[in-house]
Amino acid sequence: MEEYMSPRKPNMESTIYFGADGWWHGRVTMGVKNDGSPDRRHRRAKTKAEVRRKVRELERLRDQGRATTAGRKPTVAQWMETYLTDIASLKLKPRSLDDYWSKTRNDIIPGVGQHRIDKLQPEHLERMYRAMLDAGRAPSHVVKVHRILSRALKIAHRRRIVGENVATLVDPPSIDEIEANPFTKEEAKAFLEAASKRPTFMRWIVGVGMGFRQGETLGLRWSYVDLEAELFRPEWQLQRLTWRHGCSDPHACGARLHRFEPCPAGCARHKSYKRGCPKPCPKACTRHASACPQRKEGGLVFTRPKTKKSRNAVPIPPVFIPFLHEHKAGQEELRAAAGELWQEHDVVFSRPDGRPLDPRADYEEFKELLKEAGIDDRRLYDGSRHTAGTILNELGVDMPTIMEILRHTQISQTRRYVKGRSHLSKDAMRRMGEFFVPAPTTADPEPTETRTETTDTRAARARRRRRIR
């Protein structure tokens, strides 16, 4: 009795055949799609050996669970929008998310946005980075773009949308870390002397003398200041966030503000803009949320610090306490003078009507104080946080203690904030040299004549030795 053999191939077995178009074709069963239909992938080649190699490679990815999902892959622009809207927004802080969106709109989408995500090659990224550098972008900016794109592609790889994260095959430009330029002790005193003539004197005492970040200083609230225990608790920070549309059609909402053509040469409309004329809007522009009647999540807002360590209490130097009491009494006088116009925000440093200080105005005041004190231009971070860390180090405070005061999570981060001084290095090397090559001793003075005879003669010492024996 002959055994009947079904012509049907076993499940999950691939098929290779020669087509009427002169190509060899391969069909591989990968499983099922989301809608339940079979997921059959197609490969073709001019020779049977080549199509067999492609089929085996696809089978290997299927068996290892590394095959990409079925369906047409999105473009880089489409995936970046999905990533930022649905994935990154659940984890990133608002300011970080704004930065991701900005670099995506201005760099990633114009550079590689139209490529399908599974067709993106390392060469595409390298050409984009080269173009950005040629356009005057700083290497640090290019590295940030690379990290944002790499993170988005990493998520796409985890979800089997792409077979490989091509950003890991690209080396971004090297960047030279910006060297800190803190105040010297003399410069810090000159800066605070200039600030003492302004109503915001205590704001600069806290920033320079305690190393608080700008947002932490402007976001300090009296509810988290314990003058008896002499502690600041930086539970909140003040930040300016980008407005978001609250309407259903952002493109139509900003219709009157859209500009699709670049500004003409010698544009007078944007002559006061520090960064020059803004770029034209994309065709499907959804910006201009600041003009939306239902705008939300923007302007000056109180946000939590980035890390839990940043919220640790910081001791207040005892000599600052009388100044803080005086500052609080002055604020009470402002509240009484403002009357109904006072807006209560419980902030330590406020405007005359109770609102928090504007970070932009605060930055401009810092630059003005530099000029008044005769100090060369530098970053706000250098004049506050870096200065506090460096002066603490010069005063002999050890690194772990400085790390606690600045509320860093790693001591390596603290070391980047503390800059050595040339005069301290010179003194240290002087002591090192004296350790290895001691300074010559002074010559013995010339012998002088003794008028009184010593009682400890040679004969007496000999008698003592005989008695000991």
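When a residue number appears, it is its place in the shown sequence, counting from 1. Keep in mind that this is a model prediction, so the values were computed, not measured.
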From Leu369 CG over to Arg198 CZ, what is the distance, rounded to the nearest 0.5 angstrom?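 If we round to the nearest 0.5 Å, Leu369:CG and Arg198:CZ are 4.5 Å apart.
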Within this structure, what is the NZ-CG distance for the pair Lys309 and Leu406, rounded to the nearest 0.5 Å?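 So the gap between those two atoms works out to 10.0 Å.
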I'd like to know if the side chain of [X] reaches the main chain of [Y], judged simply by a donor and an acceptor atom lying under 3.5 Å from each other, with no hydrogens or angles considered.
| X | Y | value |
| --- | --- | --- |
| His157 | Gly163 | yes |
| Asp98 | Thr242 | yes |
| His245 | Arg287 | yes |
| Glu126 | Val170 | no |
| Arg295 | Arg244 | no |
| His251 | Cys285 | yes |
| Gln294 | Lys296 | no |
| Ser196 | Glu193 | yes |

Hey, are [X] and [Y] close enough for a salt bridge, meaning a charged N less than 4.0 Å from a carboxylate O?
| X | Y | answer |
| --- | --- | --- |
| Arg56 | Glu59 | no |
| Arg355 | Asp353 | yes |
| Arg137 | Asp107 | yes |
| Glu235 | Arg221 | no |
| Asp134 | Arg130 | yes |
| Glu216 | Arg311 | no |

Classify the angle between the aromatic ring planes of [X] and [Y] as parallel (below 30°), tilted (30 to 60°) or perpendicular (above 60°).
| X | Y | result |
| --- | --- | --- |
| His258 | Phe260 | tilted |
| Phe366 | Phe183 | parallel |
| His327 | Trp222 | tilted |

Set out, in order, the CA-CA distance, both residues' side-chain angles and the distance that settles side chain to side chain contact (heavy atoms under 4.5 Å, CB included) for Val76 and His124, then state yes or no. CA-CA 12 Å; Val76 174; His124 300 148; over 6 Å; no
Does the side chain of Gln214 come under 3.5 Å of the side chain of Ser384 through a donor N or O and an acceptor N or O?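 Per modelled atom types, Gln214 and Ser384 side chains form no pair under 3.5 Å.
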Is it true that, when you exclude [X] itself, more than 12 heavy atoms of the residues, nucleotides or ligands shown sit nearer than 6.0 Å to its [atom1]?
| X | atom1 | answer |
| --- | --- | --- |
| Glu326 | CD | no |
| Lys371 | NZ | no |
| Phe323 | CZ | no |
| Glu261 | CD | no |
| Lys367 | NZ | yes |
| Glu332 | CD | yes |
| Glu230 | CD | yes |

Grab the two heavy atoms, one from [X] and one from [Y], that are nearest each other, plus how far apart they are.
| X | Y | answer |
| --- | --- | --- |
| Gln331 | Val348 | NE2-O, 3.1 Å |
| Ile316 | Met210 | CA-CE, 4.0 Å |
| Pro182 | Glu187 | O-OE1, 4.1 Å |

Could you go step by step and tell me if Asp99 and Lys103 meet the salt bridge (Lys or Arg N to Asp or Glu O under 4.0 Å) rule? CA-CA 6 Å; Asp99 186 51; Lys103 289 179 172 55; 2.6 Å; yes
